[in-house]
Amino acid sequence: MTDALARIHAAFADAGVTGRLHAVDIDTGAQLDAGADQPVCTASVHKLCLLVTLHEQAAEGILDLTEQVECPPEGRTTGPTGLAAMLDGARLSLRDLAYLMMSVSDNAAADLLLGRVGLDAVNRTTARLGLTRTRAVHTFGELLATIKEDAGPGGAGALADPHVVTRLRALDPARTNRSTPRDMTRLLGAVWRDEACTPEHGAAIRRLLGLQVWPHRLASGFPFDDVHVAGKTGSLPTVRNEVGVVEYPDGGRYAVAVFTRTARTSALLPAADAVIGTAARLAVDALRAP
């Protein structure tokens with residue numbers, strides 16, 4: 001494990017990021033810790049907590065996942081994907097909103113779901129599951145509003161300035177949606193062991209995590225047809241995250257959480273994305289070693 005940790009830290013350094021990682025064998029509990037208890041900004045990774053809350057409420061009969069929701073274009077939370085990027089009104093079920101939220105990280109879909117279940121319910125769910133360092137502070141629209149306010153009159157263009165980025169509340173775990181790598185692998189383990197929800201709803205959560213379309217972070221470390229990766233990314237200025245589960249054909253299954261920060265403000269940093277997969281692969285290989 002010591003060699004694997006050294007290689008993980010070296011990979012983070014080579015990619016120009018500060019990285020935090022936790023990986024655990026879901027069935028044996030064997031683990032690898034590289035800053036697993038450091039507080040981190042979750043960004044869109046927190047949508048996983050919302051998804052579990054949604055299915056918990058469905059299992060309890062509080063809501064019906066086929067319930068239809070009107071999605072008018074006015075007032076939608078902004079974003080580059082899904083409803084957030086669409087121009088016309090739509091009507092979708094709660095479960096289809098959840099699909100958009102998880103597969104393409106649709107901010108508008110996420111906030112429509114939050115409007116149905118509430119931030120307090122998300123925090124009750126994470127507390128019930130023992131995620132003591134995890135908390136939802138604001139909706140995704142509110143999170144984006146803090147970035148706009150903190151960026152000032154320069155708007156989005158100001159986010160290229162490192163001095164502006166340092167003042168973003170959205171990047172301060174004490175003032176934004178937050179967790180730790182260990183909390184996130186604990187949540188994933190509970191989902192995969194059907195401890196977070198009933199087996200029916202656990203299967204639905206796992207299905208949606210497996211439908212995420214982004215292959216450039218966690219999945220890039222496991223380019224094999226017989227290895228399945230299910231995960232959820234999260235991105236903010238200088239922040240690139242992903243948490244997920246890697247499943248091997250021999251039955252091995254490993255929860256991995258990787259959170260990174262970079263000093264560079266460029267939106268496109270392929271090496272910073274790819275190191276998430278590299279670090280995850282090093283961790284999983286160490287856990288699988290005889």
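Within the structure, the salt bridge (charged side-chain N to carboxylate O under 4.0 Å, His left out) test picks out no pair touching residues 5-14 (sequence neighbours left out). Each ring pair (Phe, Tyr, Trp, His ring centres under 6.0 Å) pair with one or both residues in residues 197-221, not counting sequence neighbours, appears once here: His55-His201. For the salt bridge (charged side-chain N to carboxylate O under 4.0 Å, His left out) condition, the pairs that include at least one residue of residues 18-34, sequence neighbours left out, are Asp27-Arg253, Asp33-Arg182. Screening residues 127-139 for salt bridge (charged side-chain N to carboxylate O under 4.0 Å, His left out) gives Glu56-Arg128 as the qualifying pairs, with residues at least two apart or on separate chains.
Counting all heavy atoms, side chain and backbone alike, Gly231 lies closest to Gln212 at O-NE2, 3.1 Å. Nearest approach of Thr146 to Ala170, heavy atoms of both residues: OG1-CB, 4.0 Å. The two residues Cys41 and Asn241 come nearest to each other via the heavy atoms O-ND2, 3.0 Å. In this structure, Ala160 and Thr265 approach most closely via the heavy-atom pair O-OG1, 2.9 Å.
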Could you give me the CA-CA distance, side-chain angles and deciding distance for Lys47 and Thr42, then say whether side-chain hydrogen bond (donor to acceptor under 3.5 Å, both in side chains) is met?
CA-CA 9 Å; Lys47 291 167 182 171; Thr42 47; over 6 Å; no
Should Asp183 and Thr134 be marked as a side-chain hydrogen bond (donor to acceptor under 3.5 Å, both in side chains) after you check the CA-CA gap, both sets of side-chain angles, and the distance that decides it?
CA-CA 7 Å; Asp183 265 13; Thr134 301; 2.7 Å; yes
Steps toward side-chain hydrogen bond (donor to acceptor under 3.5 Å, both in side chains) verdict (His46, Ser179):
CA-CA 8 Å; His46 224 100; Ser179 188; over 6 Å; no
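The 12-atom threshold is exceeded at CZ of Arg193, counting heavy atoms of other residues, nucleotides or ligands nearer than 6.0 Å.
When Val213, Leu209, Leu208 are each tested for a side-chain contact (heavy atoms from CB on, under 4.5 Å) with Leu211, only one passes: Leu208.
Here Leu143 is tied into one hydrophobic group with Leu144, Ile147, Leu159, Val164, Val165, Leu168, Leu171, Leu236, Val239, each link being a pair of ILVMFWY side chains closer than 4.5 Å. Hydrophobic side-chain contacts under 4.5 Å tie Ile62 to no other Ile, Leu, Val, Met, Phe, Trp or Tyr residue.
For the residue pair Arg240 / Ser235, no side-chain donor-acceptor distance below 3.5 Å is found, with atom types taken as modelled. Judged purely by distance below 3.5 Å, without hydrogens or angles, the side chains of Thr176 and His138 pair a donor atom with an acceptor atom. Between the side chains of Ser105 and Ser44, at least one donor-acceptor pair of N or O atoms lies under 3.5 Å.
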Enumerate donor-acceptor pairs with a distance under 3.5 Å from any side-chain N or O in residues 108-119 to protein atoms, sequence neighbours excluded.
residue	atom	partner	partner atom	Å
Asp111	OD1	Phe140	N	3.0
Asp111	OD2	Thr77	OG1	2.6
Asp111	OD2	Gly141	N	2.7
Arg116	NE	Glu67	OE1	3.2
Arg116	NE	Glu67	OE2	2.9
Arg116	NH2	Glu67	OE1	3.1

Would you tabulate the side-chain donor-acceptor contacts of residues 83-103 under 3.5 Å, counting partners in other chains and residues two or more places apart, or write 'none'?
residue	atom	partner	partner atom	Å
Arg91	NE	Glu70	OE2	2.7
Ser93	OG	Asp96	N	3.1
Ser103	OG	Tyr99	O	2.7

For residues 270-290, dump all side-chain donor-acceptor pairs below 3.5 Å to protein atoms at least two apart in sequence or in another chain.
residue	atom	partner	partner atom	Å
Asp273	OD1	Arg217	NE	2.8
Asp273	OD1	Arg217	NH2	3.1
Thr278	OG1	Ala274	O	3.3
Arg281	NE	Asp285	OD1	3.2
Arg281	NE	Asp285	OD2	3.1
Arg281	NH1	Gly221	O	3.2
Arg288	NH1	Asp250	OD1	3.3
Arg288	NH1	Asp250	OD2	3.4
Arg288	NH1	Tyr254	OH	3.1
Arg288	NH2	Asp250	OD2	2.8

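Take Thr180 and apply the side-chain hydrogen bond (donor to acceptor under 3.5 Å, both in side chains) test, not counting sequence neighbours, and it matches no residue. In terms of the side chain to side chain contact (heavy atoms under 4.5 Å, CB included) criterion, residue partners of Pro199 (sequence neighbours excluded) are, by chain and number, Asp194. By the side chain to side chain contact (heavy atoms under 4.5 Å, CB included) test, Ala196 pairs with Val52, Leu129, Ala190, Val191, sequence neighbours left out.
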